[in-house]
Amino acid sequence: MPEEIRLRIAPSPTGDPHVGTAYMSLFDRAFAHHRGGKFVLRIEDTDQARYNEGSVQEIINSLQWLGITPDEGPGIGGEYGPYVQTQRRELYSEHAEMLIKSGHAYRCFCTRERLAELHREQAGRKEPSRYDRHCLDLSEKEIEANLAEGKPYVVRLQTPDEGTTSFTDLIRGEITFENRVLDDTILVKSDGLPVYHLAVVVDDHFMKISHVVRGEEWISSTPIHVLLYDAFGWKTPHFAHMPLMRNADRSKISKRKNNTSIKWYREQGFLPEAMINFLALMGWSMPNGEEIFIYSDIEREFTFERVTTSGPVFDLVKLTSINGKYIRALSNDELYDRLLPYLPQGMDLDRVRLVVPVIKDRLTRLGEFEELTAYLFGPPPDYDASTLVPKKGTPKSARTALQRTRDLLENLPEPWTHEKWEGGMRALATDLGIKAGDLFMVLRVAVTGSTMSPPLFESIEILGKEETLGRLDRAIAKLG
RNA sequence: GGCGCAUUCGUCUAGAGGCCCAGGACACCUCCCUCUCAAGGAGGAGACCAGGGGUUCGAAUCCCCUAUGCGCUACCA
């Protein structure tokens with residue numbers, strides 16, 4: 001029987017949904033579906049101190065927005081639930097108990113103070129910081145007495161003193177650790193909740209996870225996990241440690257140096273398909289070298305062999321560039337629909353529809369629309385009268401140019417469409433003895449309030465006759 | 001400090017012994033197009049493949065060493 005392919009993303013609900021979660025989810029889902037398997041969401045909320053209410057829903061929403069939804073998970077269902085660790089605590093306690101019975105783990109009653117002291121001493125001697133097994137050989141009687149006294153305790157894994165533990169990483173090959181450098185890691189905290197290492201192994205086993213895909217940061221603790229699988233007599237899953245996305249200084253991507261919240265990208269108006277494309281490019285490439293592709297392409301082509309080993313720097317500039325490409329590829333109707341959530345209340349939607357085609361090539365994020373087109377929905381920004389005057393012109397010549405254009409526009413026959421104006425304006429420029437470009441620049445400033453703007457004639461058309469003439473009048477007045 | 005992972009243009013990467021005096025993309029520069037800004041098109045600059053040793057007729061590609069970066073080293077994940 002072929003192996004059932006099941007991958008999971010296991011975020012901790014500790015804050016805003018993180019791009020790293022999206023990054024891992026993307027590859028988890030792509031690989032799982034590539035092989036006809038399932039992508040599972042599991043919430044690792046055993047750290048109650050950092051727990052954040054609402055975070056779970058936001059993670060789900062973010063994955064949904066990106067189009068990389070889980071097949072199983074909290075609120076979604078599936079036959080291996082519950083998918084929230086705090087709802088599985090019985091399981092962990094039972095298994096910790098099993099490990100104690102089988103001699104693979106032991107209770108440790110050491111106080112935090114003693115451990116802190118131990119660490120200090122070891123640091124002073126420049127030794128690696130490891131538990132000294134003070135509680136390893138406690139007698140039955142001592143343990144009973146401590147328990148009867150209600151002394152808090154943790155459960156520790158007893159790691160072997162000799163030999164090595166190794167595993168094969170799908171991206172990096174075989175990785176080996178000396179067992180003697182392994183610490184007797186805490187498996188169950190004194191609050192009775194498991195630590196990541198125990199919970200992840202137990203859950204991955206019972207949820208039938210075939211491939212553990214996670215960040216590179218977990219490589220060091222994988223031997224602990226392998227030891228646990230062995231202790232339970234379970235088959236180890238495949239492991240793949242993805243490279244870590246980095247800040248510009250190459251440190252692990254962080255909130256301080258990057259926008260790590262998926263919500264932020266959504267609010268800015270990055271398209272989900274651009275995000276996916278960009279994230280996929282971080283550490284992975286298409287076999288045919290294509291750099292613009294959609295999720296289904298990734299799903300079709302994904303293999304771990306094509307994942308890079310070194311951590312890519314997260315480059316917002318490149319993301320923005322890809323986003324622009326996706327925006328330009330949208331039809332006008334589609335772009336209009338996508339823009340709606342980014343528009344302020346009460347915006348003239350009929351006008352928005354007219355503006356979409358002229359702004360499309362200039363948008364890099366949907367969130368820019370309002371700012372870029374403000375002059376088409378309200379008064380143009382205030383500008384200095386001197387801006388109206390071309391380099392080689394004078395206030396007087398600018399004034400004349402504006403006045404003549406005003407007359408021209410005022411007497412134009414209906415309908416008010418821009419295609420037929422340009423000839424007349426060019427003729428006017430000739431008549432005035434100035435370059436057409438200079439004339440257009442004077443008008444641009446008068447109409448848009450800026451020397452840089454979307455196309456002038458389309459803008460005039462969208463604004464309408466009355467508004468345009470008004471702006472020309474105001475410009476003329478500015479020039480005295 | 002210990003252990004581990006990594007190291008090709010500024011950045012993302014292609015490259016799995018000869019096709020590479022290293023290809024593409026983003027950014028940058030120039031030109032074209034053009035009413036400005038964009039978009040688009042055409043060029044350009046940019047990597048002695050971290051360094052040093054091997055192996056080989058031949059290495060970015062295999063091996064070793066060094067350096068550097070990063071990660072882990074919590075009753076966080």
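Atom set for the values below is all heavy atoms of this structure, side chains included, hydrogens, waters and symmetry mates excluded. So that the names make sense, note that chain A is the first sequence line, chain B the second, and so on, each numbered from 1.
Heavy atoms of S285(A) sit under 4.0 angstrom from primed sugar atoms or phosphate atoms, though from no base atom. Nucleic acid contact class of T451(A) (heavy atoms, under 4.0 Å, all strands): base. Across all strands shown, P455(A) has heavy atoms under 4.0 Å from base atoms, whether or not it also approaches the sugar-phosphate. The residue R246(A) sits close only to the backbone: its heavy atoms come under 4.0 Å of sugar-phosphate atoms, none of a base. Among the atoms of the strands shown, none is found under 4.0 Å from any heavy atom of L319(A). Residue P11(A) is classed as having no contact, given no heavy-atom separation below 4.0 Å to the nucleic acid. Residue contacts shown for R112(A) include a base, since a base heavy atom lies under 4.0 Å away. Among the atoms of the strands shown, only primed sugar atoms or phosphate atoms (P, OP1, OP2) are found under 4.0 Å from some heavy atom of L281(A). As judged by a 4.0 angstrom heavy-atom cut-off over every strand, G283(A) is placed among residues touching the sugar-phosphate backbone only. Within the 4.0 angstrom heavy-atom criterion, base atoms lie near S453(A).
Between C70(B) and A16(B), the distance separating the two P atoms is 30 Å to the nearest Å. Comparing G17(B) with G10(B), their C1' atoms sit 30 Å apart, to the nearest whole Å. Between C19(B) and U11(B), the distance separating the two C1' atoms is 28 Å to the nearest Å. A distance of about 12 Å separates the C1' atoms of A59(B) and G15(B), rounded to the whole Å. Distance noted for atom P between A6(B) and A45(B): 35 Å (whole Å). For U7(B) and A47(B), the C1' atoms lie 13 Å apart once the distance is rounded to whole Å.
Comparing P128(A) and F278(A) by the nucleotide of RNA chain B that holds the closest heavy atom to each, the one mapping nearer the 5' end is P128(A). Each of M286(A) and S220(A) has a nearest nucleotide on RNA chain B; the 5'-most of these lies closest to M286(A).
A cation-pi arrangement is found for R107(A) relative to Y153(A), the charged atom lying closer than 6.0 Å to the ring centre and inside a 45° cone about the ring normal.
Evaluation of the side chain to side chain donor-acceptor pair (under 3.5 Å) test over residues 361-371 of chain A, restricted to residues two or more places apart or in two chains, returns Q268(A)-R365(A), T364(A)-E368(A).
Atom-to-atom, OH of Y131(A) to C1' of U73(B) comes out at 18 Å; the value is rounded to the nearest Å. Distance, D315(A) CG to C12(B) C1': 7 Å, rounded to whole Å. Taking atom CZ of residue R444(A) and atom P of nucleotide A38(B), one finds them 12 Å apart after rounding to whole Å. R306(A) has its CZ atom 12 Å from the P atom of U13(B), to the nearest Å. Per the geometry, CE belonging to M245(A) stands 22 Å off P belonging to C5(B), to the nearest Å.
Between the side chain of R172(A) and the base of C5(B), no donor-acceptor pair under 3.5 Å is found. One cannot find a donor-acceptor pair under 3.5 Å joining the base of A39(B) and the side-chain atoms of K360(A). One donor-acceptor pair, N or O on each side, does fall under 3.5 Å between the base of G24(B) and the side chain of E291(A).
The side chain of Y196(A) lies closest to A77(B), out of U11(B), A77(B), C12(B). Distances from the side chain of D361(A) to the nucleotides A39(B), G15(B), C26(B) place A39(B) closest. In the set C70(B), A77(B), A27(B), C70(B) carries the atom at the smallest distance from any side-chain atom of S251(A). Listed nucleotides: G4(B), U7(B), A74(B). Nearest to the side chain of F177(A): G4(B). Side-chain proximity of S321(A) to the nucleotides C12(B), C26(B), A39(B) is greatest for C26(B). With C75(B), G24(B), C37(B) as the choices, the nucleotide that has an atom nearest any side-chain atom of M452(A) turns out to be C37(B). With C75(B), U11(B), C35(B) as the candidates, the nucleotide lying closest to the side chain of R426(A) is C35(B). With distances taken from any side-chain atom of E422(A) to the nucleotides C3(B), G4(B), C35(B), the minimum falls on C35(B). Proximity note for V154(A) (side chain, C-beta onward) versus C35(B), C75(B), U8(B): the nearest is C75(B). Residue V195(A) places its side chain closer to C76(B) than to any other of C37(B), C76(B), C12(B).
Among F302(A), Y23(A), F27(A), the one residue that satisfies the ring pair (Phe, Tyr, Trp, His ring centres under 6.0 Å) test with W284(A) is F302(A). The one candidate from L339(A), L372(A), V352(A), I327(A) that meets the side-chain contact (heavy atoms from CB on, under 4.5 Å) condition with I359(A) is L372(A). Results of the ring pair (Phe, Tyr, Trp, His ring centres under 6.0 Å) test with H225(A) over Y196(A), F167(A), F239(A) single out Y196(A) as the only residue that passes.
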Between the protein and nucleotides 28-33 of chain B, list the N/O to N/O atom pairs that are separated by less than 3.5 angstrom.
none

Evaluation steps, side chain to side chain donor-acceptor pair (under 3.5 Å), between S331(A) and Y336(A)
CA-CA 8 Å; S331(A) 71; Y336(A) 170 82; over 6 Å; no

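Qualifying salt bridge (charged side-chain N to carboxylate O under 4.0 Å, His left out) partners for E58(A), counting only residues two or more places apart in sequence or in other chains: K263(A).
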